[in-house]
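Scroll down for the structure; my scribbles are underneath it.
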Amino acid sequence: MESSSILKNRAAKWFVIWGIWTLLALFFASQLALQNQLSRNPLPFWRILSWQMVSGYVWFALSPLIIYLANRYPFERGRWKTSIAFHIVAGVVISLLQLAVNAFILMRMGYPPGREFTSFFEAYKFFVFVNLHLSLLIYWGVIGVRSAFSYYQKYRERDLHNLKLEARLAQSRLQVLKAQLHPHFLFNTLNAISELIHRDKAAADRTITDLSDLLRMSFENLEVQEVSVKQELEFLRKYLEIEKTRFHDRLTVHMDIASETLDAKVPNMILQPLVENAIKHGIGPRAEGGRIDISSIRNNGRLEIVVSDNGKGIEDGDLESLTEGVGLSNTRRRLKHLYGADHRFAIENGATSGLKIMLEIPFRQSEEIKSS
């Protein structure tokens with residue numbers, strides 16, 4: 001399949017080159033035809049066209065050689081002097097060869113009109129004196145076009161290479177940011193288990209089992225940057241089971257997830273640090289506990305997710321004094337790497353108390369869900 005595609009591309013390239021020489025032949029034929037109208041005995045257009053077609057197709061036959069020489073002796077830094085000297089000589093040689101072929105064929109086709117040659121040498125001499133400079137210009141024109149196209153290809157390849165490097169760098173950065181979540185989350189959970197061991201061993205055993213399931217889920221998607229909302233919620237529910245073991249009735253979680261958002265893509269492990277932040281800073285310090293609300297909607301091609309709590313919030317409502325920990329700062333950087341400026345991540349005070357974290361990203365359906 002690959003070799004067939006290469007052959008098709010080559011055939012298409014040479015068809016285009018053939019078409020260019022044909023158009024040039026038509027262009028020169030039309031010019032000669034107009035000039036011919038000023039003569040006393042105008043020639044038929046087909047005859048003029050046949051002469052120009054022969055000349056054009058001789059250049060087409062020489063094109064592979066000229067393109068090869070352009071590739072072999074490019075005008076690159078450190079080589080341009082040698083290349084110019086070579087192409088000066090090659091231009092003269094190939095032009096003389098082209099004129100020899102023209103003279104051999106066109107003298108038998110009645111060109112130039114009204115003139116007869118006694119020998120090939122006489123015809124060749126005429127063609128050299130009349131058309132040598134034009135042939136040299138055509139040679140250098142082909143070299144110039146090929147060189148320009150080669151420079152364009154190298155520019156495109158370099159640009160594509162840079163884009164690939166940037167993508168790899170961004171992917172590496174994302175992997176580092178995501179990897180930071182695992183030890184951060186793991187240490188917090190282990191601390192919770194250590195607290196439970198001394199007061200509720202059965203709960204500690206259940207938490208260890210839940211932690212095992214949670215780690216398995218996280219490692220299954222270790223290399224994945226985006227998952228569906230449904231998958232993200234499954235991971236979050238498993239995390240909340242661990243937290244509810246710690247807080248018992250002091251922690252209430254309410255989810256209002258629009259059904260059309262379940263297949264939407266979200267960054268992997270994006271909700272867990274937001275909920276963890278709400279539990280740690282909003283619910284944890286309160287003796288009576290509190291409530292966390294998680295919602296998602298689709299709005300004008302955007303996915304909007306809100307995580308809010310009814311905790312103590314920020315004193316005096318001064319959000320500028322809020323110090324973001326690993327979870328929030330990591331989330332902010334991941335969103336920037338994944339979506340650039342095409343996202344919104346905002347922290348606001350709740351209507352009555354607590355904090356509200358709002359996340360807005362482009363709505364895109366999970367390819368895995370769509371293909372299944």
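Since we're looking at a predicted model, the values are computed, not measured.
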Any side-chain heavy atom of L62 sitting closer than 4.5 Å to one from I94? yes

side-chain contact (heavy atoms from CB on, under 4.5 Å) partner of I270, the single match among L338, L236, L335: L335

Minimal heavy-atom distance between A123 and M107, with the atoms involved, is CB-SD, 3.7 Å

What heavy-atom pair brings R332 and I347 nearest, and what distance separates the two atoms? NH2-CD1, 4.1 Å

What are the two closest heavy atoms between E232 and P267, and how far apart are they? OE1-O, 3.9 Å

Do I279 and Y239 come close enough that some side-chain heavy atom pair is under 4.5 Å? yes

Other residues, nucleotides, ligands: >12 heavy atoms within 6.0 Å of F120 CZ: yes

Would you say R334's side chain and N268's backbone share a donor-acceptor pair under 3.5 angstrom? yes

Roughly how far, to the nearest 0.5 Å, is the NE2 atom of H87 from the CZ atom of R72? 10.5 Å

Is it true that R302 and E360 make a salt bridge, defined as a side-chain N closer than 4.0 Å to a carboxylate O? yes

Distance from K230 atom NZ to T261 atom OG1, nearest 0.5 Å? 12.0 Å

Answer yes or no: is there a side-chain heavy-atom contact under 4.5 Å between V307 and D293? no

Roughly how far, to the nearest 0.5 Å, is CH2 of W18 from OH of Y57? 4.5 Å

Regarding R364 and E226, does a basic nitrogen lie under 4.0 Å from an acidic carboxylate oxygen? yes

Under 3.5 Å donor-acceptor, R79 side chain and F75 backbone: no

Could you tell me if the side chain of V275 sits less than 4.5 Å from the side chain of I292, heavy atoms only? yes

I need the R237 CZ to K244 NZ distance, nearest 0.5 Å. 9.5 Å

Rounded to the nearest 0.5 Å, what's the gap from OG on S30 to CD on Q35? Could you check? 10.0 Å

Got a sec, which hydrophobics cluster with L137, joining ILVMFWY side chains under 4.5 Å apart, including via others? none

Does I138 belong to the same Ile/Leu/Val/Met/Phe/Trp/Tyr cluster as L65, with side-chain heavy atoms less than 4.5 Å apart forming each link? yes

Heavy atoms only: give me the nearest S228-L262 pair and the separation to one decimal. CB-O, 3.6 Å

So, S55 and N102: side-chain donor and acceptor under 3.5 Å apart, yes or no? yes

Side-chain donor-acceptor pair under 3.5 Å between S95 and S135, yes or no? no

With a 4.5 Å heavy-atom cut-off, do L132 and L96 have their side chains touching? yes

Joint cluster assignment, V145 & F60, ILVMFWY side-chain distance < 4.5 Å: no

Tell me, with the steps shown, if M358 and E348 meet side-chain contact (heavy atoms from CB on, under 4.5 Å). CA-CA 8 Å; M358 293 171 291; E348 297 180 359; 2.9 Å; yes

Enclosure of K238 NZ (heavy-atom neighbours >12, cutoff 6.0 Å): yes

Note, H343 side chain near L303 side chain (heavy atom, < 4.5 Å): no

Suppose the criterion is ring pair (Phe, Tyr, Trp, His ring centres under 6.0 Å): which pairs have a residue in residues 23-56, not counting sequence neighbours? W51-Y111

Give a yes-or-no answer on whether the side chains of W21 and S63 include a donor-acceptor pair shorter than 3.5 Å. yes

Any heavy-atom pair between the side chains of T331 and N277 that's under 4.5 Å? no

Please list, chain by chain and in numerical order, all residues satisfying ring pair (Phe, Tyr, Trp, His ring centres under 6.0 Å) with F86, sequence neighbours excluded. Y73

On a heavy-atom basis, the closest approach of V54 and M109 is CG2-SD, 3.8 Å

Are any of the side-chain heavy atoms of F117 and P112 separated by less than 4.5 Å? yes

Closest non-hydrogen atom pair, I257 against I294: CD1-O, 4.0 Å

Say you draw a straight line from CG of D309 to CD1 of I283; how long is it, rounded to the nearest 0.5 Å? 5.0 Å

Would you please test R291 and V253 for side-chain contact (heavy atoms from CB on, under 4.5 Å) and show each step? CA-CA 6 Å; R291 168 174 167 147; V253 179; over 6 Å; no

